[in-house]
Participant: 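Can you keep this structure in mind? I'll have questions shortly.
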Amino acid sequence: MIRVAVVGAAGRMGGRIITAIKEAEGLELGGAIERPGHAMLGQDAGSLAGCGPLEVAIVDSLEEGLKSADVLIDFTFPEVTLKNVAVCARLGKMIVIGSTGFTPEQRAEVAGHARKIPVLLAPNMSVGVNACFKLLKEAAQILGDGFDVEIVELHHNKKKDSPSGTAVRMGEVVADALGRDYNKVANFHREGMCGERSKEEIGMQTVRGGDIVGEHTVYFIGMGERIEITHRAMSRDMFARGAVRAATWLQGQAPGMYDMQDVLGLR
């Protein structure tokens, strides 16, 4: 039995992950963590998630929450995740990271801890999104430089990072397939007399509003034709199921950095 701890256990995503753990074969909730002072501290994590009592109380200490766990699932924010992965490395616990918005320097810091423990860091845990990554690479290789690339992503009005980690990863996949440096060709802003579009740039556009779970479309636009590859998330459950699948896959892996492409065998 794999015992999983969840940080952010009282949040919307945390609740869906806890429910997915209960529904998964071979897994059980081993710990539930929230920030100090949170109103739900001491509550049963399963009851709060709506999946029934699990006899795991929400605590405010990561060390305490990890005592009976093999792996931590973290869908928080980069600054919080960096502290959590350092604790996991010190305690020898595996970690699945679904947080987004990491800078290159922060990713490098996570990679440093991965020398001690298995770390799975993915901008999107969805099986469908990761299939899209594969399709985007193949499409870009086939279409080449004859098609302009634009990426549009939509999320709810509470999302803090922009563009989404998934959109950035899509841009990186396409840029790499085309032999470009994403950090040099990504264009996040067009306004006024900004001039003609360059052939190399990849447009990155963001929409925020309402309760949109997540939608991403990559446009390959040629002369007289257009190809669109779109993924729409209908609920957070797919992210939770992917994270649980990742936590199971990490068992027995050597220390190192992994992502969902490894889990799904898409390398």
Side-chain angles (χ1 to χ4, degrees), residues 78 97-108 110-111 119-156 159-191 194-208 212-234 238-239 242-243 246 257-267:
I97 301 172
S99 309
T100 62
F102 289 94
T103 65
E105 293 76 19
Q106 289 172 327
R107 288 181 64 89
V110 173
V119 175
L120 192 142
L121 172 60
N124 196 305
M125 299 287 176
S126 158
V127 173
V129 163
N130 281 274
C132 284
F133 291 154
K134 181 78 169 180
L135 295 173
L136 289 169
K137 178 180 179 180
E138 294 178 351
Q141 290 172 336
I142 293 169
L143 299 173
D145 295 328
F147 284 69
D148 297 322
V149 182
E150 296 283 316
I151 299 175
V152 180
E153 59 101 342
L154 299 78
H155 279 88
H156 53 88
K159 187 167 179 60
K160 293 180 171 59
D161 58 314
S162 176
S164 70
T166 300
V168 170
R169 184 59 190 146
M170 287 176 164
E172 291 173 341
V173 168
V174 171
D176 184 64
L178 294 172
R180 304 172 190 171
D181 183 341
Y182 170 80
N183 293 313
K184 293 181 179 179
V185 301
N187 186 352
F188 304 100
H189 182 75
R190 296 189 182 111
E191 183 180 12
C194 55
E196 293 185 4
R197 184 192 196 283
S198 71
K199 293 300 295 181
E200 291 76 21
E201 71 183 73
I202 295 176
M204 304 290 293
Q205 311 301 324
T206 295
V207 177
R208 293 287 178 267
I212 301 171
V213 176
E215 181 174 325
H216 299 82
T217 298
V218 180
Y219 297 89
F220 294 91
I221 308 169
M223 301 302 292
E225 58 182 335
R226 181 172 76 243
I227 297 171
E228 302 175 13
I229 296 178
T230 297
H231 180 274
R232 296 184 181 91
M234 305 306 181
M238 64 175 195
F239 305 127
M257 284 283 286
Y258 303 97
D259 63 20
M260 285 300 289
Q261 298 288 296
D262 298 304
V263 176
L264 300 173
L266 296 177
R267 292 284 177 209

Participant: With a 4.5 Å heavy-atom cut-off, do Leu121 and Arg107 have their side chains touching?
Facilitator: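 Yes, at least one pair of side-chain atoms sits under 4.5 Å.
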Participant: Specify the closest pair of heavy atoms between Tyr258 and Asp262, including all atoms of both residues, with the distance to one decimal.
Facilitator: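 That closest heavy-atom pairing would be CA-OD2, 3.3 Å.
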Participant: With salt bridge (Lys or Arg N to Asp or Glu O under 4.0 Å) as the rule and sequence neighbours excluded, what pairs involving residues 215-232 come up?
Facilitator: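 Residue pairs passing salt bridge (Lys or Arg N to Asp or Glu O under 4.0 Å), neighbours aside: Glu215-Arg232, Arg226-Glu228.
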Participant: Under 4.5 Å between any side-chain heavy atoms of Phe102 and Val110, yes or no?
Facilitator: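 Yes, at least one pair of side-chain atoms sits under 4.5 Å.
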Participant: Pick from Lys137, His216, Met204: which one makes a side chain to side chain contact (heavy atoms under 4.5 Å, CB included) with Met170?
Facilitator: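 Answer after filtering Lys137, His216, Met204: His216.
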Participant: Does a side-chain N-to-carboxylate-O contact under 4.0 Å join Glu153 and Arg208?
Facilitator: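 Judged by the 4.0 Å cut-off on N to carboxylate O distance, Glu153 and Arg208 do form a salt bridge.
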Participant: Is the closest basic N to carboxylate O distance between Glu150 and Arg190 below 4.0 Å?
Facilitator: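 Looking at Glu150 and Arg190, the cut-off is met.
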Participant: Do Val213 and His156 touch side chain to side chain, with heavy atoms closer than 4.5 Å?
Facilitator: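 No, too far: nothing below the 4.5 Å cut-off.
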Participant: Under a 3.5 Å distance rule, please check whether Asp145 uses its side chain to pair with a backbone N or O of Phe147 as donor and acceptor.
Facilitator: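 Here the side-chain-to-backbone pair does not exist.
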Participant: With side chain to side chain contact (heavy atoms under 4.5 Å, CB included) as the test, would you mind laying out the steps for Arg169 and Leu136 before giving the verdict?
Facilitator: CA-CA 11 Å; Arg169 184 59 190 146; Leu136 289 169; over 6 Å; no
Participant: Test Phe188 against Thr206 for side chain to side chain contact (heavy atoms under 4.5 Å, CB included), laying out the working first.
Facilitator: CA-CA 9 Å; Phe188 304 100; Thr206 295; over 6 Å; no
Participant: Could you measure the distance from the OG1 atom of Thr166 to the CZ atom of Phe239? Nearest 0.5 Å is fine.
Facilitator: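 Separation between the atoms: 6.5 Å.
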